[in-house]
Number of protein chains: 2
Amino acid sequence: MEQRISIRDVAAHAGVSPSTVSRVLNGQDADHMRPETKERILATIKELDYTPVRAAQRLRRRKTQALGVLIPDISNLYFSLLTRGVESVAFTEGFSTLVCDSNHETDRESAYLDFLLSEGVDGIVFVPVGRPDLDLVQRLTDRGVRVIVADRRVDGLTTVDADNVGGSRDLAAYLLGLGYREIAYLAGPEEVSTAEDRLAGFRGAMKTAGQTPAAVVRGQFTFQSGYDHAVTILERRAVDAIIAANDLMAIGAIRAAEDRGLAVPDDLGVAGFDHVPWAALVRPQLTTVEVPAYAIGQEAGRRLLDGSEDSLRLPTTLIPGGTCARRRRTK
Amino acid sequence: MEQRISIRDVAAHAGVSPSTVSRVLNGQDADHMRPETKERILATIKELDYTPVRAAQRLRRRKTQALGVLIPDISNLYFSLLTRGVESVAFTEGFSTLVCDSNHETDRESAYLDFLLSEGVDGIVFVPVGRPDLDLVQRLTDRGVRVIVADRRVDGLTTVDADNVGGSRDLAAYLLGLGYREIAYLAGPEEVSTAEDRLAGFRGAMKTAGQTPAAVVRGQFTFQSGYDHAVTILERRAVDAIIAANDLMAIGAIRAAEDRGLAVPDDLGVAGFDHVPWAALVRPQLTTVEVPAYAIGQEAGRRLLDGSEDSLRLPTTLIPGGTCARRRRTK
DNA sequence: GTGAAAGCGCTAACAC
DNA sequence: GTGTTAGCGCTTTCAC
């Protein structure tokens, strides 16, 4: 910020007052302004290569034109896509985006919330680690910082997330339609609303079809957890298919099946959730459900920008793949 | 930024002047200050829940205490790790990080450079898309914004990147040591210094060993490109091993080999570069080279913070895997 | 050891 | 249509 030329320099060079320059800069009264004056100012701006100092604008306007994004892990593809979504709408509106990575730590999360408060962001797209500190959030909203929760639900806060229940229900219904009957479910951690929703969708579809789950076990959203729990299930019961709460677990389940000499999809159908792009490298291709992370980011950002308080649940997309291609597809 | 309480409110409540509060806030003259005064101020800050307004600090101090990160794609794991590295050092120093995603577009890249200039960031960690606009960079440095190029080399600019040449040389030497002789190389695009360096390392190792590459073909850093070019190579020549310029291409090559009925590693050794974590889901596990993206980000950020102009080349790590386990390992 | 005063660069009433 | 003026909230000489 060794900025040399200020708006006053531009004004002096153009032979006008700073306010006139400011008006040109902000497109105000553009109509009521003498075109030649405007031209001259624009030329001077270009000539001097003048760039307004955002800090001064923010201080004076008393709003920052900045959005915060607070996520658990930017190196997780899902969150980075969500971030890009927020950033894309922010950028087109001339807003800055402050990306903060809580690293799955609640301490860091609180620190960043404080930080975003002092930055004075106009709003925050927040993907909390577990249950967020509602008092802290309250402090922010009291000070005029809008907060939108993305990707998970938190009572009392506006949320933009995916229809995990519906997506999971559709997926289970799809497998039932293919003729699978003894279906086991690898659920995610119960503190995460996403995991709960997917499980609920699965249960709903099974109930509707008059079926009982062959097994429901809880694990973490990891490859290893998927592998381990799949082994357990396959040791205990003869199952038709395994549906995992995310792709990583599903791939773990595929490996577990292979290691036990079961062929996928001939001996066991497997399905996941998330549609991570590199799952396409797994063969056969994984049957899964796409979650619109980018769109969630965009919608959350848009709400922050236009002041809407509506929650939104975005539809997911079923992605059929070879891992569930065994039976009477053609009936 | 509907901030209510300012430093003057705190001062009034504590019965001191704003300057004294400011001194406490900035840890200045902490020794020369009457402890009880300091106590009182601290208590008032807590009581009123006062948070300084960064915009005002920045305007007054004439520096932003903010760093910019400009990368081609935040949803690429490599860049997101690099970003985390920058952010981690920035955060511990009380600096904000502005993450900008050029989406591999030079227009957007220029726009963001302008944007970062108006934000007045103190420095930028820059991963350019192809050859950057040096005039633009010059404009920034003229205005006191330091720029450090990360992950690739640009003449005349301070760089922090990985030792791609050395890593690639070591990898090739490793395969040669295992007894592979007819080694083909799948190179990346030649505009990218990273791709060139890896190819150069490969060539160097082959030359040192008195070997000639079985083939060298250029492609893109994608799965499909790896697959297609591997097919071409395997059709034309009997090769021992394929080394790809990155993991994605290597996995493509593995699939191509499998589709042609070749077993990996028994009929063909395959190696990659990058060590993407999900490559561990591929079996056998990929032989590859780890590039320290996080450390690169940290070092680049650190240079920005401490004003150092030294370039740095960080060592890579060879990750042996089952895809090159064929021969006389025990010799 | 603490206060008074000036000003960072900009915008928005309010004049004219 | 354009200029004048008064701050936004903070830091930092310079007094005392």
Side-chain angles (χ1 to χ4, degrees), chain A residues 1-42 44-45 48-66 94 117-120 122 143-144, chain B residues 1-42 44-45 48 50-65 94 117-120 122 143-144:
Chain A
M1 201 140 150
E2 279 189 29
Q3 196 96 6
R4 240 137 277 271
I5 53 278
S6 80
I7 198 169
R8 297 162 59 138
D9 302 317
V10 177
H13 275 255
V16 293
S17 78
S19 22
T20 310
V21 179
S22 172
R23 280 189 270 259
V24 172
L25 245 33
N26 299 290
Q28 282 168 20
D29 310 285
D31 317 316
H32 314 269
M33 190 173 291
R34 196 174 295 158
E36 68 174 67
T37 313
K38 189 176 172 180
E39 291 292 299
R40 192 151 31 93
I41 293 173
L42 252 18
T44 314
I45 288 175
L48 299 184
D49 191 22
Y50 164 71
T51 316
V53 173
R54 297 270 282 182
Q57 296 182 312
R58 299 209 233 255
L59 180 58
R60 178 60 234 232
R61 292 189 188 140
R62 315 192 83 228
K63 46 183 175 166
T64 47
Q65 305 213 98
L117 179 59
S118 79
E119 284 288 346
D122 299 319
R143 307 252 198 124
Chain B
M1 197 140 148
E2 279 189 31
Q3 196 95 6
R4 240 136 278 270
I5 51 278
S6 79
I7 197 169
R8 296 162 59 138
D9 302 317
V10 177
H13 275 255
V16 294
S17 78
S19 18
T20 309
V21 178
S22 173
R23 280 190 270 260
V24 172
L25 245 33
N26 299 290
Q28 284 166 18
D29 310 286
D31 318 315
H32 313 268
M33 190 173 290
R34 195 174 295 157
E36 69 174 69
T37 312
K38 189 175 172 183
E39 291 292 300
R40 191 149 33 93
I41 293 174
L42 252 17
T44 314
I45 288 175
L48 300 184
Y50 164 70
T51 316
V53 172
R54 295 271 284 183
Q57 297 182 311
R58 299 210 234 255
L59 181 58
R60 178 60 232 232
R61 292 189 187 142
R62 315 191 83 227
K63 45 182 177 164
T64 47
Q65 305 213 94
L117 179 58
S118 79
E119 284 288 346
D122 298 320
R143 307 249 199 129

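Note that the structure is a prediction, hence the values are computed from the model and not measured. Chain A is the first sequence line, chain B the second, and so forth, proteins listed ahead of strands; every chain is numbered from 1. In what follows, every heavy atom counts, from backbone to side chain, and hydrogens, waters and symmetry copies are set aside.
In this entry the distance linking CD of A:Glu119 with P of D:dG9 reads 16 Å, nearest Å. What separates CD1 of A:Ile41 from C1' of D:dG1 is a distance of 11 Å, to the nearest Å. We find that CZ of B:Arg61 is positioned 11 Å from P of D:dC10, with the value rounded to whole Å. Taking atom CZ on A:Arg62 and atom P on C:dT11, their separation rounds to 15 Å, with Å as the unit. Summarising the geometry, the separation between CZ on A:Arg23 and C1' on C:dA12 is reported as 9 Å, rounded to the nearest angstrom. In this structure, CZ of B:Arg58 is placed 15 Å from P of D:dT12, rounded to the nearest angstrom. Atom pair A:Leu59:CG and C:dC10:P shows a separation of 12 Å (rounding to whole Å applied). To the nearest angstrom, P of C:dA5 lies 17 Å from CD1 of B:Ile7.
Distances were taken from every side-chain heavy atom of B:Ala56 (C-beta onward) to each of C:dT11, D:dC10, C:dC8; the shortest belongs to D:dC10. In this structure, of C:dG9, D:dG9, C:dT11, it is D:dG9 that holds the atom nearest to the side chain of B:Val53. Taking the side chain of B:Gln57 as heavy atoms from C-beta on, and the options D:dC10, C:dA13, C:dC10, the nearest nucleotide is D:dC10.
Tested against B:Tyr50 for a side chain to side chain contact (heavy atoms under 4.5 Å, CB included), the candidates B:Asp9, B:Leu25, B:Thr44 yield a single pass: B:Leu25.
Taking the side-chain hydrogen bond (donor to acceptor under 3.5 Å, both in side chains) definition, one finds that A:Arg54 meets it with A:Ser96, B:Glu119, sequence neighbours left out. In this view, A:Arg61 and A:Asn26, A:Gln57, A:Lys63, A:Gln65 satisfy the side-chain contact (heavy atoms from CB on, under 4.5 Å) rule, not counting sequence neighbours. Considering only residues two or more places apart in sequence or on other chains, A:Ser17 meets the side-chain hydrogen bond (donor to acceptor under 3.5 Å, both in side chains) condition with A:Ser19, A:Thr20.
Across its full length, the helix from C:dG1-D:dC16 to C:dC16-D:dG1 shows an angle of 40° between the axes of its 5 terminal pairs at either end, rounded to 10 degrees.
Of the residues in residues 12-20 of chain A, those with a non-hydrogen atom less than 4.0 angstrom from any atom of DNA chain D are A:Gly15, A:Val16, A:Ser17, A:Ser19, A:Thr20.
The line from CG of B:Leu48 to CD1 of B:Ile5 is 6.5 Å long, rounded to the nearest 0.5 Å.
A donor N or O paired with an acceptor N or O is not found under 3.5 Å between the base of C:dG9 and the side-chain atoms of B:Arg60.
Of all heavy-atom pairs spanning B:Pro18 and B:Ile7, the tightest one is O-CD1, 3.7 Å. Considering every non-hydrogen atom in both A:Leu59 and B:Ala56, the closest pair reads CD1-CB, 3.7 Å. Of all the heavy atoms in A:Gly120 and A:Thr64, the pair that sits closest is O-OG1, 2.7 Å.
When side chains are defined from C-beta on, B:Ile41 does not count as touching B:Lys38, because their heavy atoms never get closer than 4.5 Å.
The phosphate of D:dT2 has OP1 or OP2 within less than 4.0 Å of a side-chain N or O from A:Thr37. Residue A:Ser22 places at least one side-chain N or O closer than 4.0 Å to OP1 or OP2 of C:dT11.
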